[in-house]
2 protein chains.
Amino acid sequence: MSDQIHTAVARRLDAVDQRYTSGRRQLVEALAKAGRPLTAGELVAACPSLPQSTAYRNLAVLGQAGAVHRVSGTDEFARYELDESVTGRHHHHLVCLSCGAVEDFAAPAGLEHSVSSLMGTLGSDRGFHAESHRLDVLGTCAACRS
Amino acid sequence: MSDQIHTAVARRLDAVDQRYTSGRRQLVEALAKAGRPLTAGELVAACPSLPQSTAYRNLAVLGQAGAVHRVSGTDEFARYELDESVTGRHHHHLVCLSCGAVEDFAAPAGLEHSVSSLMGTLGSDRGFHAESHRLDVLGTCAACRS
DNA sequence: ATTTATGCAAATCGTTTGCAAACCT
DNA sequence: AGGTTTGCAAACGATTTGCATAAAT
């Protein structure tokens with residue numbers, strides 16, 4: 001099921017001369033299974049044989065390889081998710097202001113198109129070379145509303 | 001010039017039974033003058049008579065009052081800016097992946113409209129009560145491109 | 001007078017790092 | 001063997017907090 005993901009991650013790591021060790025595989029597995037950004041704490045909980053230090057170190061390696069990246073919510077915890085180049089799915093985040101949880105969601109194509117065209121204008125308008133974008137909607141999640 | 005800002009902040013603080021002390025005023029002044037999100041370090045540098053602890057405490061108070069809020073970039077530093085309810089200006093951020101700097105920019109009205117309409121659908125589609133949004137464009141700033 | 005804000009120094013806590021043992025090739 | 005990754009424990013650093021003084025009401 002997450003076979004293509006592993007292949008994509010392996011390719012990324014290889015390009016940076018890094019091995020796809022079991023610890024790294026566990027992290028990728030956990031992130032793929034979650035389908036939402038996870039905190040370092042959630043990750044070590046999901047990978048019981050992985051000490052924190054190794055988890056952090058491997059997240060850094062996976063980050064340099066472009067397979068994983070940090071997601072910023074509103075609380076103090078860093079969250080991690082698989083890069084779109086690995087999942088093949090472009091998405092955005094719903095951030096709960098009450099509990100800090102982060103969920104994925106897909107924006108309508110029309111909106112994505114508007115953002116792309118905006119990004120194109122930033123170079124000439126502001127001298128800013130746009131590479132990617134983040135769109136987060138902040139509010140209250142279903143669990144906290146109940 | 002930033003008179004309306006001070007009035008708005010004062011109103012916010014008053015609503016939460018907090019005083020508009022000189023330290024808080026200095027922070028607001030610095031944020032208003034900057035016109036972009038500032039790190040805690042930049043703020044204490046801009047307010048030479050303010051110790052870090054007071055700066056952080058006052059930023060927390062201003063945050064609870066809804067006059068200031070945190071902005072997350074890509075580096076490890078928290079950044080702060082005046083809330084839109086105080087400045088009256090809705091805007092988004094250009095985040096430099098190279099140096100971490102954050103600049104403000106205004107998105108086209110059409111894009112904002114698309115986002116608003118998306119936010120409206122999230123309640124029924126996902127049970128998520130949307131309150132606000134963040135749109136960040138990541139890339140390389142003019143200074144880092146040179 | 002009493003409550004609230006300040007300033008210093010010490011504590012907190014997510015995250016990072018040094019180093020020796022275990023691993024892969 | 002030679003270089004890399006791991007695991008433990010100690011270090012790091014941005015942010016927070018305790019407590020005594022100063023300010024505001």
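Per chain, numbering begins at 1; letters A, B, ... match sequence-line order.
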Considering every strand and a 4.0 Å limit on heavy-atom distances, what is the contact class for A:Ala40: base, sugar-phosphate, or nothing?
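Sugar-phosphate, no base atom in range.
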Scan B:Gln52 against the nucleic acid and name what it touches under 4.0 Å (heavy atoms): base, sugar-phosphate only, or nothing.
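Since a base atom lies under 4.0 Å of B:Gln52, the category is base.
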May I have the distance from [X] (atom [atom1]) to [N] (atom [atom2]), rounded to whole angstrom?
| X | N | atom1 | atom2 | answer |
| --- | --- | --- | --- | --- |
| A:Leu43 | C:dT15 | CG | P | 11 Å |
| A:Arg19 | C:dC23 | CZ | P | 13 Å |
| B:Arg24 | C:dT6 | CZ | C1' | 10 Å |
| B:Leu59 | C:dT6 | CG | C1' | 15 Å |
| B:Leu50 | C:dT6 | CG | P | 7 Å |

Go through the steps to decide whether B:Tyr80 and B:Leu43 satisfy the test side-chain contact (heavy atoms from CB on, under 4.5 Å), and finish with yes or no.
CA-CA 9 Å; B:Tyr80 301 86; B:Leu43 276 168; 4.2 Å; yes
Got a second to check how far [X]'s [atom1] is from [Y]'s [atom2], nearest 0.5 Å?
| X | Y | atom1 | atom2 | answer |
| --- | --- | --- | --- | --- |
| A:Cys141 | B:Arg126 | SG | CZ | 11.0 Å |
| B:Arg79 | B:Ser72 | CZ | OG | 10.0 Å |
| B:His90 | B:Leu135 | NE2 | CG | 8.0 Å |

Residues B:Leu62, B:His69; criterion side-chain contact (heavy atoms from CB on, under 4.5 Å); working and verdict:
CA-CA 8 Å; B:Leu62 290 165; B:His69 62 88; over 6 Å; no
Results of ring pair (Phe, Tyr, Trp, His ring centres under 6.0 Å) for A:Tyr20 - residues two or more places apart only:
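Counting only residues at least two positions away or on another chain, A:Tyr20 forms a ring pair (Phe, Tyr, Trp, His ring centres under 6.0 Å) with A:His6.
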Name the first nucleotide and the last nucleotide along DNA chain D (5' to 3') that come under 4.0 Å of a heavy atom in chain A.
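Nucleotide range in contact with chain A: D:dT4 to D:dA9.
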Which ones in residues 62-75 of chain B lie close to DNA chain D, meaning a heavy atom under 4.0 Å from one of its atoms?
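B:Arg70, in order of number.
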If you fit an axis to the five pairs at each end of the helix from C:dA1-D:dT25 to C:dT25-D:dA1, how big is the angle between those two axes, to 10 degrees?
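Roughly 30°, once rounded to the nearest ten degrees.
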Check: [Y] main-chain N/O paired with [X] side-chain donor or acceptor under 3.5 Å:
| X | Y | value |
| --- | --- | --- |
| A:Thr54 | A:Leu50 | no |
| B:Arg24 | B:Arg19 | yes |
| B:Glu42 | B:Thr39 | yes |

Looking at B:Glu81, B:Glu84, B:Glu103, which one forms a side chain to side chain donor-acceptor pair (under 3.5 Å) with B:His91?
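Looking at B:Glu81, B:Glu84, B:Glu103, the match for B:His91 under the side chain to side chain donor-acceptor pair (under 3.5 Å) is B:Glu81.
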For A:Arg57, all residues meeting salt bridge (charged side-chain N to carboxylate O under 4.0 Å, His left out), sequence neighbours excluded:
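Result, salt bridge (charged side-chain N to carboxylate O under 4.0 Å, His left out) vs A:Arg57: none returned.
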Side chains of A:Arg12 and A:Ser85, donor plus acceptor under 3.5 Å:
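The answer is yes; a qualifying pair exists.
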Identify each atom pair where a protein N or O and an N or O of nucleotides 8-14 of chain C are less than 3.5 Å apart, giving names and distance.
unit_1	atom_1	unit_2	atom_2	d
C:dC8	N4	B:Ser53	OG	3.2
C:dC8	N4	B:Arg57	NH2	3.4

B:His93 and A:His133 aromatic centres sub-6.0 Å:
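Centroid distance B:His93-A:His133: not below 6.0 Å, so no.
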